[in-house]
Amino acid sequence: MAPAISAVLLLFPDSGGSGVMTGVGRMIRDALPIDFSLVFAHGAAVTTDVEQVMQFEGGKSTGRQEIDKETGLPVWQVTVMDADPAVKGPSKSVKVKILSELQPVPPPGLPGFESIRPVEFVGMTARAYVTEVMQGRYKVAWSLKAREMVAPMTAAQVASKSGEKPLSPVK
């Protein structure tokens, strides 16, 4: 069984601007609020249907859906593909848990490529945990949760939100 992380220690550069880590840090025991664009800088696409996350007791499913301890909401899960071209292998696919009373519905697929469904997550948090990668070898991994799954904004929507005119198509 993997050891649990009780806290994450974050170190910050000293205030003198030297870039040297001072050893002054912050203990973080809870999930960290994080913006979608920091997790998926190049975007993400849904690759599976939304599924219930089931409760387990003693290594066996109870047949009941998991309820988030902090919000009291049912937990759903979807697998997404990170659109970052530099990400390779198993890291390309990430599971995101969604806390919602009703089953979330992924955005529609791209015309002609319905299985590619670009997505953004709202109200994201990340929580560190330790997982065993090989016998006796461990790594820090991240559990991602969100409150909502939405279609990404179009360029025109982004421009109108910022008060700028959208770019005209190239002729």
Side-chain angles (χ1 to χ4, degrees), residues 2 4-5 8 10 26 28-56 61 65-134 137-170:
I5 290 182
V8 175
L10 297 179
R26 306 277 191 267
I28 299 174
R29 290 177 171 76
D30 299 321
L32 301 168
I34 190 162
D35 191 77
F36 172 84
S37 64
L38 292 174
V39 179
F40 299 104
H42 294 269
V46 173
T47 60
T48 64
D49 291 331
V50 177
E51 300 173 337
Q52 294 179 344
V53 175
M54 304 307 287
Q55 285 181 339
F56 281 82
S61 175
Q65 186 172 8
E66 184 177 316
I67 302 297
D68 182 67
K69 292 176 182 96
E70 295 168 6
T71 64
L73 293 170
V75 181
W76 306 86
Q77 183 169 269
V78 65
T79 302
V80 298
M81 178 184 66
D82 189 336
D84 186 341
V87 176
K88 307 285 186 215
S91 298
K92 194 89 172 150
S93 178
V94 179
K95 292 182 190 259
V96 177
K97 291 180 180 179
I98 305 165
L99 311 178
S100 175
E101 194 64 47
L102 302 174
Q103 182 173 359
V105 177
L110 297 175
F113 299 95
E114 284 73 24
S115 64
I116 300 173
R117 298 174 284 176
V119 68
E120 287 187 8
F121 294 99
V122 178
M124 288 190 78
T125 61
R127 182 184 306 263
Y129 66 97
V130 175
T131 185
E132 189 171 18
V133 291
M134 292 183 354
R137 295 190 62 188
Y138 299 89
K139 73 172 187 175
V140 175
W142 294 91
S143 173
L144 300 173
K145 287 184 182 177
R147 294 299 301 265
E148 192 177 356
M149 175 173 52
V150 298
M153 288 195 293
T154 64
Q157 290 169 323
V158 170
S160 69
K161 189 174 179 181
S162 68
E164 298 176 11
K165 285 187 172 182
L167 296 175
S168 300
V170 178

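None of these values were measured; they are calculated from a predicted model.
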Engineer: Indicate the atoms forming the closest heavy-atom contact of Tyr138 with Val130, along with that distance.
Structural biologist: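 Distance-wise, the nearest heavy atoms are CB-CG1, 3.6 Å.
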Engineer: Can you measure from CG (Asp49) to CD (Gln103) and round to the nearest 0.5 angstrom?
Structural biologist: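 Here the rounded value is 8.0 Å.
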Engineer: By ring-ring contact (aromatic ring centres under 6.0 Å, His included), which residues pair with Phe121, not counting sequence neighbours?
Structural biologist: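 With neighbours one apart ignored, the set is empty.
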Engineer: Would you sort out whether Leu144 and Phe40 count as a side-chain contact (heavy atoms from CB on, under 4.5 Å), showing the intermediate values?
Structural biologist: CA-CA 12 Å; Leu144 300 173; Phe40 299 104; 4.2 Å; yes
Engineer: So does Lys139 have more than 12 non-hydrogen atoms from other groups sitting under 6.0 Å from NZ?
Structural biologist: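 Counting other residues, nucleotides and ligands, NZ of Lys139 stays at 12 neighbours or fewer.
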Engineer: Test of understanding: with side chain to side chain contact (heavy atoms under 4.5 Å, CB included), list the residues that count as partners of Ser61, not counting sequence neighbours.
Structural biologist: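 Ser61 satisfies side chain to side chain contact (heavy atoms under 4.5 Å, CB included) with Met54, Phe56 only.
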Engineer: Taking all heavy atoms of Ile67 and all of Gln55, pick out the closest pair and write down the distance.
Structural biologist: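 Smallest interatomic distance, heavy atoms only, reads N-NE2, 4.3 Å.
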Engineer: Determine whether Met149 and Val46 satisfy the following criterion, side-chain contact (heavy atoms from CB on, under 4.5 Å), listing intermediate values before the conclusion.
Structural biologist: CA-CA 10 Å; Met149 175 173 52; Val46 173; 4.0 Å; yes
Engineer: Listed by chain and number, what are the side chain to side chain donor-acceptor pair (under 3.5 Å) partners of Glu70, not counting sequence neighbours?
Structural biologist: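 Once residues adjacent in sequence are excluded, the partners of Glu70 under the side chain to side chain donor-acceptor pair (under 3.5 Å) criterion are Arg127.
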Engineer: Closest approach of Pro108 and Pro118, non-hydrogen atoms and distance?
Structural biologist: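 The pair with the smallest heavy-atom distance is O-CD, 4.3 Å.
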Engineer: Can you sort out the partners of Asp68 under salt bridge (Lys or Arg N to Asp or Glu O under 4.0 Å), two or more places apart, ordered by chain and number?
Structural biologist: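 Salt bridge (Lys or Arg N to Asp or Glu O under 4.0 Å) check on Asp68 returns Lys145.
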Engineer: Rounded at 0.5 Å granularity, tell me how far CD in Gln77 sits from CD in Glu66.
Structural biologist: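 Output value for this atom pair is 9.0 Å.
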Engineer: Looking only at non-hydrogen atoms, find the nearest pair between Asp82 and Gly43 and report the distance.
Structural biologist: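 Looks like OD1-O, 3.8 Å.
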Engineer: Identify, with sequence neighbours excluded, every residue that meets side chain to side chain contact (heavy atoms under 4.5 Å, CB included) alongside Thr79.
Structural biologist: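 Thr47, Thr48, Ser93, Lys95.
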Engineer: Please identify each residue that fulfils side chain to side chain contact (heavy atoms under 4.5 Å, CB included) with Gln65, with sequence neighbours left out.
Structural biologist: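 Partners of Gln65 under the side chain to side chain contact (heavy atoms under 4.5 Å, CB included) test: Gln52, Pro74, Trp76.
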Engineer: Between Arg147 and Leu99, is any pair of side-chain heavy atoms under 4.5 Å apart?
Structural biologist: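 Arg147 vs Leu99: side chains touch.
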Engineer: Who passes side chain to side chain contact (heavy atoms under 4.5 Å, CB included) against Ile34, sequence neighbours left out?
Structural biologist: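 Only Leu38, Val39, Met124, Ala126 meet the side chain to side chain contact (heavy atoms under 4.5 Å, CB included) criterion with Ile34.
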Engineer: Could you measure the distance from the CG atom of Leu32 to the OG1 atom of Thr125? Nearest 0.5 Å is fine.
Structural biologist: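 These two atoms lie 8.5 Å from each other.
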Engineer: Taking salt bridge (Lys or Arg N to Asp or Glu O under 4.0 Å) as the test, write out the residues that go with Glu114, two or more places apart.
Structural biologist: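 Listed in chain order: nothing, the list is empty.
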Engineer: If you compare all heavy atoms of Ser100 against all heavy atoms of Leu73, which two are closest, and at what distance to 0.1 Å?
Structural biologist: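 Here Ser100 and Leu73 meet closest at N-CB, 4.1 Å.
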Engineer: Provide the closest heavy-atom pair for Ile116 versus Ala45 in the form atom of the first, atom of the second, distance.
Structural biologist: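 The pair with the smallest heavy-atom distance is CG2-CB, 4.3 Å.
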